[in-house]
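Residue numbering restarts at 1 for every chain, and letters A, B, ... go by the order of the sequence lines. Because only heavy atoms are used, hydrogens play no part in the values below, and waters and symmetry mates are left out as well, while side chains stay in.
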Number of protein chains: 2
Amino acid sequence: MTTATASRTGRRTSLSRERIVQRALGLIDENGLDALSMHKLGAALDVKGMSLYHHVANKRDLLDGVVEAVWEEIEAAAPVLPDWRAGLRSVANAVRNTVRRHPRAATLIFSQQLMPEPALRVVRTHVAALVAAGFAEQRAYDLLRTIWSYAFGSAFAEITWDTADPGCAVDVRQMLRPGTPEDLAAVAEVFCGQSDADAQFELGLDLMLRGLDDPTPD
Amino acid sequence: MTTATASRTGRRTSLSRERIVQRALGLIDENGLDALSMHKLGAALDVKGMSLYHHVANKRDLLDGVVEAVWEEIEAAAPVLPDWRAGLRSVANAVRNTVRRHPRAATLIFSQQLMPEPALRVVRTHVAALVAAGFAEQRAYDLLRTIWSYAFGSAFAEITWDTADPGCAVDVRQMLRPGTPEDLAAVAEVFCGQSDADAQFELGLDLMLRGLDDPTPD
DNA sequence: ACCTGAACACCGTTCAAGT
DNA sequence: ACCTGAACACCGTTCAAGT
């Protein structure tokens, strides 16, 4: 299952929480969350599994670290922009693109009950930008939360339905239980086989952003 | 960990996939997904773990069954309504309320790569209603998908942030890593400590539904 | 037809050594 | 200070019995 290619590189540098977390994210991206064990992660780092416990408290702590690493990517991709609508758009796109880049790690973001620091920095930065644009603070939090929920919901729906092959369209049937009647399978094909996922994502985003008036100068 | 109360009831009725799946969902609701094992599930049904394999193919198949059971609850709570906006609202609320009723099982819906039949029936029914209201079929699918994504995203955000104690507000800090600086902790408290989750959910829903024009009669 | 004892490889985690 | 061998309880799963 695990390739033996990793055994030559990265033996000189010793372990660190950072290196362990990044390797874990890499392994999850490659083989899926279920295939990640402390034993295998150790092996991928040229070390025995037990050694990891010198740098992470336990597996839960390790996975918290992975969630934080994903959030750091979101943060880096979600700059504040002069126009407040464009700023909210940048948050939404950062969330969606990052989740799509790590589809097999994405479920962790919701299953670990955690708000890591990079996530909180995204909130702080963009709330501040909305307030600077004239919104009341409470309203700014509400708007950000709404866009945030939509972006995560869309990204999750997409990765659930994407069967990893962007080209071939008809593999939606893989996610149906064998007995599924033909008429329902046809429904799934239209609903899940998104011809243009980007346009679909924009639809909801546009609806929400166009519905918002510019803040009244107070 | 497991209470011994279950050992008296339910011994006379023999096993069935249905009974196994329902008990699994119950155990997940009580103790969380990580605490569910085939051994423990067997014990909760007065049987050895291996006996379950006569009724479910493996654990993945069992969890697929749990996802399907949750979808059946969503389906039952999402009736078609005369007004198309009210119909979309009923889907959104059914998703949100059901996810909130099974917070510890919710992550399964996205992590199992599966569209079970009750989910497909919800799609078919509500697309048909939108088409009857005058929308083009492709447009109907797009709208439903948008509302769907928002509802799941909101529900997931809520259960991630809800620390199970609806009363006490300040337990948001449990989801912060110990080192988190005070200013970021304050951000988390406003962002996650939703004073009125229902109103927050309605905000995004209203934005989207108000932005939609009635379909032009063709 | 359905339940089970025994067994397998694998898992997370601890701890007393080793260097 | 950091790595490891040995060991623990637990896990998913198989299979040859038992009834």
(request) Identify, between L52(A) and H39(A), the residue whose nearest nucleotide on DNA chain D lies closer to the 5' end. (result) L52(A)
With a 4.0 Å cut-off on heavy atoms, is [X] in touch with a base, just the backbone sugar-phosphate, or nothing at all?
X	result
L62(B)	nothing
M38(B)	sugar-phosphate
S51(A)	base

(message) Quick test of your reading: applying salt bridge (charged side-chain N to carboxylate O under 4.0 Å, His left out), list the pairs with at least one residue in residues 192-201 of chain A, sequence neighbours left out, ordered by first then second residue.
(response) R96(A)-D198(A)
(message) Would you say H102(A) and E73(A) are linked by a side-chain donor-acceptor pair, where the criterion is simply a distance under 3.5 Å?
(response) yes
(message) Less than 3.5 Å apart, any donor N or O on the side chain of Q200(B) or T146(A) sitting next to an acceptor on the other?
(response) yes
(request) Could you please name the partner base of dC2(D), counting Watson-Crick and G-U wobble pairs only when both distances are under 3.5 Å? (result) dG18(C)
(request) Give none if dC11(D) has no partner; otherwise give the nucleotide forming a Watson-Crick or G-U wobble pair with it, both distances under 3.5 Å. (result) none
(request) Find which nucleotide of DNA chain C each of N58(A) and H55(B) is nearest to by heavy atoms, and output the residue with the more 5' nucleotide. (result) H55(B)
(request) Kindly compute the distance separating CE (M38(B)) from CG (L62(B)), expressed to the nearest 0.5 Å. (result) 5.5 Å
(request) Provide the start and end nucleotides, 5' to 3', of the part of DNA chain C that has atoms under 4.0 Å from heavy atoms of chain B. (result) dC3(C) to dA6(C)
(request) Decide, yes or no, whether a salt bridge links D183(A) with R121(B) under the criterion of side-chain N to carboxylate O below 4.0 Å. (result) no
(message) Check R17(B) with D61(B), please: is the shortest side-chain N to carboxylate O separation under 4.0 Å?
(response) yes
